[in-house]
Amino acid sequence: MPIALIDGNNFYVSCERVFNPKLEGRPVVVLSNNDGCAVARSNEVKALGVKMGTPWFQMQDLARQHGITALSSNYALYADMSNRMMSVLSQYSPDQEIYSIDECFLGLDGFENYDLVIHAQAMRSQVRRWVGIPVCVGIAETKTLSKLANHCAKKSLAGADGVCDLTRLSETERSRLLATIEVGEVWGIGPRLSKQLADRGIHSVEALRRADPKTIRREFSVVVERTVLELNAIPCLSIENVASAKQQIMSSRSLGNYVYDLAPLKEAVATYVAIAAEKLRAQGSVAGMIQVYIRTNPHKEDCPQYSKGLTIPLPEPSGDTLYLTRAALWGLRRIYRPGFAYQKAGIVLMNLSDATNKQASLFCTHRENDRLMEVIDRANAIWGRGTLRSAATGVSKSWVMKREKMSPQYTTHWEQLPVAI
DNA sequence: CTATAACTCTCAA
DNA sequence: CTAACGTTGAGAGTTATAG
């Protein structure tokens, strides 16, 4: 019955601090791809009022004033740290759902005879000691409540010391606590729903919990109804131990600089196809359609805007990078218009199906380069993405994203380890 | 008219 | 010096379209 939600504190910042302890106690932000927006903030930065998603260029003055350290995101490092953290946490329950890079649910059925708070404190200290990452733990009867409990743990509400176990609270204590939390903190209640709920006088979590599920369903949706039930300790969401295969795989990025010509766009699109196709094969799927899109910078309203995508059905589902690249570039040539400053390009693999029982086309003549793909994937797994790649991905790469403030890939690249002299 | 496809909106980390 | 604003995935609900 009880569920724990373990979440890394300011995860990306914490990862950086493990390898650069000088950042401890100082204001630090980690920026999104292309060094665009803040996607992780240390407590010191949050205290300065910097919101999630603030563009880096808008906080430069503040950064200078307070000596904020900004870092490009280093996903190789974060993914590796995440794996370590998840592996430690997996020791605490046979029932683990890895929900995102920095959080997981643990089902605690069968732990009724344990003191769950002690169990949770043990997780915290072991992750801290073995991985170096500080985490908080929320415990409650449902996923939605455990997310909320985690929020309480992070904010040190209800006397929490990194762990908040809502099941220990009496009904009145619980009501009183939930009445102090804004409804927008609830998992699944975003800005839009918060406003609509507020219009109906529902401002606090407690108010939403007390709402009539049927009315909520009528006025909102099944999703919100489920949320209400979950807030009432009625589980509607189960722990998914095994991640199901993705239904679509997307690869898109902002370009490092504005791009005007078709040639660099082709390189970028070919590169994105290679990334997505690698993930596709890793989950044993083939794609039935591929979508390609390009667009100018929507934030520059005074510049001529253009945004176009094209979905290309494939005669036969494929996992072949070269075949998928040809299809994507065919589409790109059709949507490309000269005279625009392109800022972003992307591709989506869709209509995914199992590679093992692939539906072959009667008329399709192309042959899958299965063996070639296997070799490419293995080489790139050993020596890094892009070691073996198609010529279509280009050499000069004038379009690659900016990552000017990146820390070394301490855990995955020997040559990037600082050498003590 | 129904079933499905395509598209839009919302949310999350 | 200036200009500079993320990525990926899911699900529900709505609208368009085919038969």
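Note that the structure is predicted; figures quoted are calculated from it, not measured. The chains referred to below are lettered A, B, ... by the order of the sequence lines, with proteins before strands, and numbering in each begins at 1.
dA13(B) and dC5(C): their P atoms are spaced 25 Å apart (whole Å).
Relative to the six-membered ring of Phe105(A), Lys143(A) meets both conditions, a distance below 6.0 Å and an angle of at most 45° to the axis.
Side-chain proximity of Asn297(A) to the nucleotides dA12(B), dT7(C), dC5(C) is greatest for dC5(C). For Lys246(A), whose side chain is taken as the heavy atoms from C-beta onward, the closest listed nucleotide among dG9(C), dA13(B), dG11(C) is dG9(C). Distances from the side chain of Val39(A) to the nucleotides dG6(C), dA12(B), dT7(C) place dG6(C) closest. In this structure, the nucleotide among dA4(C), dA10(C), dA12(B) sitting nearest to the side chain of Trp187(A) is dA12(B). Considering only side-chain atoms of Tyr75(A), the nucleotide from dA13(B), dA4(C), dG6(C) that sits closest is dG6(C). Here dA12(C) is the nucleotide among dA12(C), dC11(B), dT8(C) with the atom lying nearest to any side-chain atom of Arg226(A).
Heavy atoms of Leu31(A) sit nowhere under 4.0 angstrom from any nucleic acid atom. Among the atoms of the strands shown, only primed sugar atoms or phosphate atoms (P, OP1, OP2) are found under 4.0 Å from some heavy atom of Gln247(A). If you check every strand for non-hydrogen atoms under 4.0 Å, Thr54(A) touches nothing. When heavy atoms are screened at a 4.0 angstrom cut-off, Pro191(A) is found touching the sugar-phosphate backbone but no base atom. In this structure, Phe11(A) reaches neither bases nor backbone, as no heavy-atom distance under 4.0 Å exists between it and the strands shown. Heavy atoms of Tyr272(A) sit nowhere under 4.0 angstrom from any nucleic acid atom. Note on Trp56(A): nothing from the nucleic acid sits closer than 4.0 angstrom, heavy atoms only. Residue contacts shown for Gln343(A) are limited to sugar-phosphate atoms, with no base heavy atom under 4.0 Å away. Heavy atoms of Lys300(A) sit under 4.0 angstrom from primed sugar atoms or phosphate atoms, though from no base atom. Here Val186(A) lies in heavy-atom contact (under 4.0 Å) with sugar-phosphate atoms only. No contact: Ile101(A) has no heavy atom under 4.0 Å from any strand. Counting any heavy atom pair closer than 4.0 Å across all strands shown, Asp102(A) reaches sugar-phosphate atoms only and no base atom.
Within a 6.0 Å radius of CZ in Arg200(A), more than 12 heavy atoms belonging to other residues, nucleotides or ligands are found.
With 3.5 Å as the limit, one finds no donor-acceptor pair spanning the side chains of Gln343(A) and Thr296(A). Side chain to side chain, Lys402(A) and Asn33(A) fail the donor-acceptor criterion of an N or O pair below 3.5 Å. At a cut-off of 3.5 Å, with distance as the only test, a side-chain donor of Asn74(A) or Ser407(A) sits close to an acceptor on the other residue. With hydrogens and angles left out, the side-chain atoms of Asp35(A) and Ser72(A) include a donor and acceptor closer than 3.5 Å. With no hydrogens or angles considered, a side-chain donor-acceptor pair links Gln126(A) and Tyr92(A) at under 3.5 Å.
Rounded to a whole Å, the NZ atom of Lys147(A) is 4 Å from the P atom of dA13(B). Across the protein-nucleic acid pair, Ile249(A) atom CD1 and dT7(C) atom P stand 18 Å apart, rounded to whole Å.
Stretches of at least 3 consecutive Watson-Crick or G-U wobble pairs, with each checked distance under 3.5 Å, appear in DNA chain C as B:1-13 with C:7-19.
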Between Glu206(A) and Ser204(A), does the side-chain hydrogen bond (donor to acceptor under 3.5 Å, both in side chains) criterion hold? Intermediate values first, please.
CA-CA 5 Å; Glu206(A) 178 64 6; Ser204(A) 70; over 6 Å; no
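When ring centroids are compared, Phe340(A) and Tyr258(A) stay outside the 6.0 Å threshold.
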Let me have a per-nucleotide readout for nucleotides 13-19 of chain C, 5' to 3', with B, S or -, counting only protein heavy atoms under 4.0 Å.
S------
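Annotation for Thr180(A) and Leu177(A): closest pair OG1-O, 2.6 Å, computed over non-hydrogen atoms.
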